[in-house]
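Atoms considered below: every heavy atom in the structure, side chains included; atoms not considered: hydrogens, waters and symmetry mates. For ligands, and for the atoms within them, numbers begin at 1 and follow the listed sequence.
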Amino acid sequence: MDIVIVPTAADVATYAADVVADRIAEEPGTVLGVATGSSPVGIYRELARRRAEGSLDLAHLTCFALDEYVGLAPEHPRSYAAYLDREIVRPFGLAPGRVRVPDASRADLEEAAEEYEQSIAAAGGIDLQILGIGTNGHIGFNEPVSSLSSRTRVTALSAQTRTDNARFFDRPQDVPTHCLTQGLGTILEARRVLLVAQGERKAAAVAAAVEGPVAARCPASVLQFHPRATLVLDEDAASGLTLENGHRPVPGRGDGAGQGGSGPAS
Ligand code: F6R
């Protein structure tokens with residue numbers, strides 16, 4: 001894994017936006033996997049800012065969400081479909097069909113999961129997957145102890161995740177209990193993974209993912225198997241790391257990850 005440690009949450013957004021923008025410059029039709037939640041918001045706003053100033057064209061992207069809550073209609077303001085409409089579809093200037101979200105309002109959720117896997121495959125797979133990490137080490141909503149080779153499916157949210165996500169809802173009891181999420185096996189098939197984490201509350205999960213054993217109790221640890229996973233952390237999120245495997249971006253360089261610096265463990 002390439003570990004990039006930058007001073008602040010704002011630096012995480014800028015660094016990660018550089019990685020995404022570099023990829024889009026190489027391939028305007030990039031297939032981007034998009035996490036929701038608070039972690040990637042700064043990346044999306046920075047990309048939208050660059051588009052607004054005319055330095056970045058995002059119109060040819062295709063995006064796939066990681067997950068969607070079961071029981072929230074796409075129009076519900078807390079659904080991930082609505083989040084992506086606010087943060088990506090409109091600010092990126094995308095045709096709505098270019099952002100796909102698992103259809104968690106279908107009666108047959110197994111069929112919806114299977115179709116989602118097929119639509120990712122039909123798009124040629126995900127080129128670059130943006131991830132956040134839960135305080136319990138989940139990625140997507142693959143909670144401890146998800147199968148490390150799981151595919152898109154219905155899962156139950158853990159009590160910790162429901163508590164963590166209560167901040168997005170009016171009342172704790174409004175947090176959905178289930179979701180449709182890409183599996184860990186699905187995520188591992190992305191050609192590149194870019195996980196961002198900010199704040200001390202993520203420090204233990206980040207340390208377990210990076211320095212712990214690969215284990216279902218910390219689902220993000222499966223990224224140790226990914227050949228091209230970059231973690232961009234602010235100093236607080238990196239504060240639980242003990243090994244000297246972090247490095248800072250080389251000054252004046254958009255994407256120093258894995259190409260210089262002090263040479264992260266890989
Ligand atoms: C979101 C997702 C989750 C979040 C994680 C962190 O689509 O799949 O894994 O990335 O729960 O959430 P935040 O960023 O809100 O701390």
Where does [X] meet ligand 1, judged by heavy-atom distances below 4.0 Å: at the side chain, the backbone, both, or neither?
X	value
Arg167	side chain
Thr36	both
Ile133	backbone
Arg201	side chain

I'd like to check which ligand 1 atoms, numbered from 1 as shown, lie under 4.0 Å from a non-hydrogen atom of [X].
X	value
Asp67	1 (C), 2 (C), 7 (O), 8 (O)
Ser38	13 (P), 14 (O), 15 (O), 16 (O)
His138	3 (C), 5 (C), 9 (O), 11 (O)
Gly37	14 (O), 15 (O)
Lys202	6 (C), 13 (P), 16 (O)
Leu66	8 (O)

Has Gln198 got a side-chain atom pairing as donor or acceptor with Ala237's backbone, closer than 3.5 angstrom?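 Not at all, since once roles are kept as given, no pair shorter than 3.5 Å links the two residues.
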Given Ser39, Cys179, Gly132, identify the one with the heavy atom nearest to atom 10 (O) of ligand 1.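 Heavy atom nearest to atom 10 (O) of ligand 1 belongs to Gly132.
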Answer yes if the side chains of [X] and [Y] hold a donor-acceptor pair under 3.5 Å, and no otherwise.
X	Y	answer
Arg153	Ser146	yes
Thr161	Asp164	no
Ser239	Glu200	no

Please name the pair of heavy atoms, one in Asp234 and one in Val12, separated by the smallest distance, quoted to 0.1 Å.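 For Asp234 and Val12, the tightest heavy-atom pair comes out as N-CG2, 3.5 Å.
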I want to know whether Tyr69 and Phe169 have ring centres closer than 6.0 Å.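 For Tyr69 and Phe169, the ring centres are under 6.0 Å apart.
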Salt-bridge present (Glu189, Arg151; N to O < 4.0 Å):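 Result for this pair is yes, salt bridge flagged.
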Using distance alone, determine whether Gly140 and ligand 1 share an N or O pair under 3.5 Å.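 Such a contact does occur with ligand 1.
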Step-by-step side chain to side chain contact (heavy atoms under 4.5 Å, CB included) determination, Arg45 to Glu87: CA-CA 7 Å; Arg45 295 193 179 160; Glu87 297 292 343; 2.5 Å; yes
